[in-house]
Every structure is written in C-alpha cells, then in structure tokens.
Amino acid sequence: REERLSSVLNKAGRALGTRLADILESAVTVSVTWLEETRFAAFRETFEVDSRELASIEFRVPGVPGTGLVCLEPELVEKMIEGLMGGAAMADAPKGRRSHRAITELDLRVSRRWVSGFLADLGHAFNPAEPVDLAISNADVNGAAARAYGDSVGVVAALLEVVMGRRTIGMLGIVLPRGASDAMAGSSSWDQKDASPPAAN
C-alpha cells in the first residue's frame, strides 16, 4: 500500500511541479521525502515546524469522516507570492537563511489557488477513471487547523519537498484521514492500477 501511495503522491507532485514552474518561470521538482501511516503527532514532529507558523488548508474527502490537511511552510508561501507578483528569481536571493514575514490573509487566499490545483491533481491521481473532488473547506494562517488534530489521531501523512533549480524553497505537508486513500481510489481501480501481468506457468 505504501508503494502505491508513494506512486500516487509522486504523480500529483510532478503535476504540482509543473504548476509551480509556470508561476516561478523556472524548473521546479516536487518529490515525496516521507510517507507513513501513523499518528498525527509523528507528522507534526517530522515536519519540525511550529504549527503557529504554518499556513493550514483543510479539505474534505467525499464519504470519509474528518478532514484532510495541507500545511505550507512560510518559505514556500513567500516564494510563491514573490513569483506571482513578479519578484526576483531565487538564484538572485542572498545565500543563507532569510528572515520571513508573517503569512497574511491575502497570502493565504492566493495560496489557495495553487493548492486547489494540487488537490485536483491528487484526486485524479488516486482515481483517473472517477477523479475525487477534494474541496477546500477552511484555511488559516496561524496553524489552528493543524492544532485541532489530536496527537493520537490515525492519519496517512507525507512531506513533499519543493526544489527550484538546486535549492529547496520549502516543504508541503499533507495529511489524510486513515482509510481515505482506499475510499478515494475505489477498491476496483486501486487493485487494478499499475498491476503486473500474471506470471506464466
């Protein structure tokens, strides 16, 4: 199951890379660096970002209780806003860690646009025959949605690294309620997708 989940997320990540490359006018790659069926506490600890610094975007999975969650590092939000506003290329930015301003409501509204595209790509990657409509239901700039998850809640969680050229510009975290991956894929398409032909006797 993890191999198939990784394949689906990498496919959606490649589509996201294309979307972000159009915004930043530079080659962008997005790859899964961590994926696990675990507890929410493990996701929070692995992300290593204070939830109060995150842009948190909740989304609904049809037919599945609870909500999914997309978390964006401030660095990623800032870079995308710069790209959309015609800012300087990352290559021109000074080396070393820069200080980052707080994420604003306007930043969040703009970020929802490309996150919606990512969720559409993710829904299609899970079930190309009947793409799943993953609709954004809420968003905040202070990590309230992330803090609403209990540490012991079972989830499928992943981190995706966004790289422009040779530099990492930020991380995107995604959380699915446990069981959502099977519901989104549908039992028949999930079992048949990428299936190998039977071995000859």
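Please read all numbers here as calculations on a predicted model, not as lab measurements.
Salt-bridge annotation for D151 and R44: present, with a side-chain N of the basic residue lying under 4.0 Å from a carboxylate O of the acidic one. Ion pairing of R19 with D121 is present here, as a side-chain N (NZ or NE/NH1/NH2) and a carboxylate O approach within less than 4.0 Å.
In this structure, the separation between CD on E78 and CD1 on I169 is 11.0 Å, given to the nearest 0.5 Å. Taken to the nearest 0.5 Å, the NE2 atom of H124 stands 11.5 Å off from the CD atom of E130. Residue M85 holds its CE atom at 13.0 Å from CD1 of I23, rounded to the nearest 0.5 Å. Considering CG of D140 and CG of L54, their distance stands at 9.0 Å, rounded to 0.5 Å. If you take CE on M164 and OG on S26, they are separated by 4.5 Å, rounding to the nearest 0.5 Å. The distance from atom CZ of R39 to atom OG of S152, rounded to the nearest 0.5 Å, is 6.0 Å.
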Exercise. Between M80 and L20, does a side chain to side chain contact (heavy atoms under 4.5 Å, CB included) hold up when you go through it step by step?
Worked result: CA-CA 8 Å; M80 298 312 301; L20 301 189; 3.3 Å; yes

For this session: Applying side chain to side chain contact (heavy atoms under 4.5 Å, CB included), run through V30 and R14 and close with a yes or a no.
Result: CA-CA 6 Å; V30 180; R14 288 192 296 271; over 6 Å; no

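In this structure the side chain of S181 reaches within 4.5 angstrom of the side chain of F126, judged on heavy atoms. Using a 4.5 Å heavy-atom threshold, the side chains of M184 and L134 count as touching. Looking at heavy atoms from C-beta onward, F43 lies out of side-chain contact with I174 at the 4.5 angstrom threshold. Side-chain contact check for L69 versus T67: every heavy-atom pair is 4.5 Å or farther apart. Under the 4.5 Å side-chain criterion, counting only non-hydrogen atoms from C-beta, L122 is in contact with L9. Residues V155 and V153 form a side-chain contact, since some pair of their non-hydrogen atoms from C-beta on lies under 4.5 Å apart. Annotation: side chain of P62 is in contact with side chain of V132 (closest heavy-atom distance under 4.5 Å). L159 has its side chain out of reach of L172: every pair of non-hydrogen atoms, C-beta onward, lies at least 4.5 Å apart.
Residues R112 and A139 come closest through the heavy atom pair NH1-CB, 3.9 Å. In terms of heavy-atom proximity, F47 sits nearest to C71 at CE1-CB, 3.6 Å. Closest approach of F59 to L176, counting heavy atoms only: CZ-CD2, 3.7 Å. When all heavy atoms of G66 and R60 are compared, the closest pair comes out as O-NH1, 3.7 Å. Nearest heavy atoms, V28 versus G17: CB-O, 3.7 Å. Looking at every heavy atom in both residues, I136 comes nearest to S116 through CD1-OG, 3.2 Å.
Proximity of a side-chain donor or acceptor of R178 to a complementary backbone N or O of T38 within less than 3.5 Å is detected. Remark: the backbone N or O of V156 is not paired with any side-chain donor or acceptor of E37 at under 3.5 angstrom. Between the side chain of N127 and the backbone N or O of P131, no donor-acceptor pair lies under 3.5 Å. Remark: side-chain polar atoms of D107 are not paired, donor with acceptor, to backbone N or O of I103 under 3.5 angstrom. R147 contributes a side-chain N or O that, together with a main-chain N or O of N142, makes up a donor-acceptor pair within less than 3.5 Å.
For the side chain to side chain contact (heavy atoms under 4.5 Å, CB included) with N10, the lone residue among L160, V32, L5 that qualifies is V32. Looking at I57, L72, V115 one by one, the single match for side chain to side chain contact (heavy atoms under 4.5 Å, CB included) with L108 turns out to be I57.
Tracing side-chain contacts under 4.5 Å through hydrophobic residues (I, L, V, M, F, W, Y), one reaches F118 starting from I81; they form part of the same cluster. Under the 4.5 Å side-chain heavy-atom criterion for Ile, Leu, Val, Met, Phe, Trp and Tyr, V162 and L35 are members of the same hydrophobic cluster. Note on L24 and V163: separate hydrophobic clusters, where clusters join Ile, Leu, Val, Met, Phe, Trp and Tyr whose side-chain heavy atoms are under 4.5 Å apart, directly or indirectly.
For the residue pair T168/E161, the side-chain donor-acceptor check at 3.5 Å is satisfied.
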